[in-house]
Amino acid sequence: MPSRKLRVIGQDWEVVLLQKKPNIARALRDPKVVNQAMRSGEPVQTIKKFDGGSNKKAAPVVSVKKLDEAAEPAALERVSTEVRQAIQKARLEKKMSQAELAKRMNERQQVVQEYENGKAVPNQAVLAKMERVLGVKLRGKVGK
């Protein structure tokens, strides 16, 4: 068996200091540093970002020319009187309240109310739910 030399293992008591590198970009944006640089005559570059840091969605671009050419503002299509009356008639024949109809459709009562008052913009999915619950045709040619 080979002989091994015994080594004395000692401890290293030197201090090891771990640090993060300073964030230079953040330090350069500090108002104190900027003011000091301006006072000393060093060049300072400032950039203003449009809507920087805001949480806004981009709005759709609307052509100014189209707006100028339009004589009347475009009105949204509302539920027709035939559809309104068909909804009310079918609901009353089934002896349902607006709240019951809304519950069966998995919609809010306000949605049913707007459709019956003619204030709602027609949505094919909502009309399909109403057709299914009431058993009446509301899309296409109503009354046939």
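Note: hydrogens, waters and symmetry copies are ignored here, and every other heavy atom, side chains too, is used. Counting from 1, the numbers follow the sequence of the chain as shown.
- At least one side-chain heavy atom of M130 sits under 4.5 Å from a side-chain heavy atom of Y115.
- Put simply, the side chain of R78 gets close to the backbone of K119: a donor and an acceptor are under 3.5 Å apart.
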Check your understanding: Are V83 and T81 close enough, and set up right, to give a side chain to side chain contact (heavy atoms under 4.5 Å, CB included), and what steps lead you there?
Key -> CA-CA 5 Å; V83 174; T81 54; over 6 Å; no
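- Defined by atom type and a distance below 3.5 Å, a donor-acceptor pair is present between the side-chain atoms of Q110 and E114.
- Counting only distance, with no hydrogens or angles, the side chain of N123 and the backbone of A125 share a donor-acceptor pair below 3.5 Å.
- Using a 4.0 Å cut-off between charged nitrogen and carboxylate oxygen, E116 and R91 count as a salt-bridge pair.
- Within the 4.5 Å cutoff, the side chain of P122 has heavy atoms near those of the L127 side chain.
- Closest approach of V133 to M105, counting heavy atoms only: CG2-CG, 3.9 Å.
- A 4.5 Å side-chain heavy-atom check between V33 and N35 finds every atom pair outside the cut-off.
- Side chains of L138 and V136 form a contact here, defined as non-hydrogen atoms less than 4.5 Å apart.
- Taking CZ of R108 as the start and CD of Q113 as the end, the distance is 11.0 Å to the nearest 0.5 Å.
- Of the charged side-chain nitrogens involved, at least one lies within less than 4.0 Å of a carboxylate oxygen, so that E131 and R139 count as a salt-bridged pair.
- D30 contributes atom CG, which lies 10.0 Å from atom CD of Q36 (distance to the nearest 0.5 angstrom).
- More than 12 heavy atoms of other shown residues, nucleotides or ligands fall within 6.0 angstrom of atom CD in Q124.
- Between the CD atom of Q98 and the CD atom of E100 there is a distance of 11.0 Å, given to the nearest 0.5 Å.
- Judged by distance alone, with hydrogens and angles left aside, the side-chain atoms of Q88 form no donor-acceptor pair with the main-chain N or O of Q85 at under 3.5 Å.
- Contact check for V126 versus E107: side-chain heavy atoms found under the 4.5 Å cut-off.
- M38 places a side-chain heavy atom less than 4.5 Å from the side chain of V34.
- Side chains of L134 and M96 form a contact here, defined as non-hydrogen atoms less than 4.5 Å apart.
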